[in-house]
Amino acid sequence: MSEDAPVNVGASGWPSDARAYLGVRRMQTKLHGWAATDGGRRFDDLWNLVCDPAFLTMAWERVAGNKGSKTPGVDRVTVARISSGVGVEEFLRNIRAQLRAGEFRPVPVRQVMIPKASGKLRKLGIPTVTDRVVQAALKLVLEPIFEADFKSCSYGFRPNRRAQDAVAEIHHFASKSYEWVLEADIEACFDMIDHTALMDRLRCRIGDKRVLALVKAFLKAGVLTTVGTTEGTITGTP
């Protein structure tokens with residue numbers, strides 16, 4: 001597959017899980033390689049991947065395998081209900097049709113309050129299963145590109161990296177006579193992320209306007225609060 005060829009796999013039919021996994025991994029390897037080779041490259045043809053049956057299949061597997069799969073969003077639909085009802089393939093075909101027709105619109109997330117160790121409450125937004133699948137497909141496409149830009153000393157929210165890896169790094173430096181440890185935290189980080197700044201960072205690598213519009217739509221989707229009112233999301237990642 002040449003570098004200038006359309007980055008679309010599996011469009012001829014609905015793939016099995018194994019075929020989807022292999023197709024997605026091959027394309028992710030290509031995306032990561034291109035991004036790592038050219039730090040200034042912007043990717044213009046990614047929408048076909050977000051809509052691709054292989055990527056949607058893998059996205060479903062990620063969502064269905066998540067420990068929160070039993071928790072519904074504002075539509076009260078769960079993974080189990082989809083599996084026993086319309087069926088997974090038909091569900092994914094409907095999502096793909098909406099995406100390709102430009103008709104897909106994220107809905108507000110359902111807000112729940114989770115108790116913290118300090119006794120305070122933390123807001124948690126639960127998207128619908130449909131929105132989770134599209135988000136997961138986006139992540140499968142975007143992650144290998146942006147992974148190429150991260151430094152090796154970064155451990156948070158990255159694939160194949162754990163808190164234990166960061167601890168091992170600290171032990172390594174502590175054995176090399178380093179004497180100072182600095183701890184810092186960004187208060188309400190995910191609640192306060194500036195949408196304009198975030199989209200500007202995204203545009204440094206992504207030139208596909210449909211992908212950019214979809215990410216922005218998720219940021220602006222809003223929140224259905226615990227008291228039943230809908231609030232807009234001006235900042236933060238709902």
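Note that the structure is predicted; figures quoted are calculated from it, not measured.
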Do [X] and [Y] touch side chain to side chain, with heavy atoms closer than 4.5 Å?
X: F104; Y: D131; answer: yes
X: L212; Y: M199; answer: yes
X: V88; Y: T57; answer: no
X: T128; Y: V77; answer: no
X: V215; Y: L202; answer: yes

Tell me, yes or no, whether the heavy-atom count around [X] atom [atom1], taken from other residues, nucleotides or ligands under 6.0 Å, exceeds 12.
X: M192; atom1: CE; result: no
X: H171; atom1: NE2; result: no
X: I114; atom1: CD1; result: yes
X: R100; atom1: CZ; result: no
X: R203; atom1: CZ; result: yes

Closest approach of [X] to [Y] (non-hydrogen atoms, all atoms of both residues):
X: A59; Y: V133; value: CB-O, 3.3 Å
X: F55; Y: L49; value: CB-O, 3.2 Å
X: F218; Y: P238; value: O-CG, 3.3 Å

Keeping the roles fixed (side chain from [X], backbone from [Y]), state whether a donor-acceptor pair exists under 3.5 Å.
X: S175; Y: H172; value: yes
X: R205; Y: A35; value: yes
X: T71; Y: I126; value: no
X: R96; Y: L56; value: no
X: R158; Y: S154; value: yes
X: R62; Y: A136; value: no
X: T229; Y: T225; value: no
X: D165; Y: R162; value: yes
X: S84; Y: A80; value: yes

Atom pair [atom1]/[atom2] of [X] and [Y] - distance to nearest 0.5 Å:
X: D194; Y: I234; atom1: CG; atom2: CD1; answer: 11.5 Å
X: L92; Y: I82; atom1: CG; atom2: CD1; answer: 8.5 Å
X: L198; Y: K216; atom1: CG; atom2: NZ; answer: 11.5 Å
X: E147; Y: Q28; atom1: CD; atom2: CD; answer: 10.5 Å
X: C204; Y: F146; atom1: SG; atom2: CZ; answer: 8.0 Å
X: Q111; Y: E231; atom1: CD; atom2: CD; answer: 6.5 Å

Under a 3.5 Å threshold, yes or no: a donor from one side chain and an acceptor from the other, between Y21 and E61?
no
Under 3.5 Å side-chain donor-acceptor pair for Q135 and R132
no
May I ask you to decide whether D191 forms a salt bridge with K123, counting only side-chain N to carboxylate O separations under 4.0 Å?
no
Could you go through K220 and H195, starting from their C-alpha distance and side-chain angles, then the distance that decides it, and tell me whether this counts as side chain to side chain donor-acceptor pair (under 3.5 Å)?
CA-CA 9 Å; K220 301 293 186 183; H195 290 176; 3.0 Å; yes
May I have the step-by-step check of side chain to side chain contact (heavy atoms under 4.5 Å, CB included) for V79 and K70, ending in yes or no?
CA-CA 6 Å; V79 166; K70 296 180 180 179; over 6 Å; no
Could you walk me through whether V109 and L224 pass side chain to side chain contact (heavy atoms under 4.5 Å, CB included), step by step?
CA-CA 6 Å; V109 301; L224 179 65; over 6 Å; no
Honestly curious: do [X] and [Y] fall in one hydrophobic cluster under the side-chain, below-4.5 Å linking rule?
X: V107; Y: V134; answer: no
X: L138; Y: F190; answer: yes
X: V223; Y: L219; answer: no
X: L140; Y: F157; answer: yes
X: V74; Y: V129; answer: no

Does F43 have R41 sitting over its ring (NZ/CZ under 6.0 Å from centre, angle to axis within 45°)?
yes
Side chain to side chain contact (heavy atoms under 4.5 Å, CB included) between L31 and L46, intermediate numbers included:
CA-CA 10 Å; L31 291 171; L46 297 176; 4.0 Å; yes
Worked verdict on F91 versus T130 for side chain to side chain contact (heavy atoms under 4.5 Å, CB included):
CA-CA 9 Å; F91 171 74; T130 298; 3.3 Å; yes
For P108, the side-chain contact (heavy atoms from CB on, under 4.5 Å) test, sequence neighbours excluded, returns T230
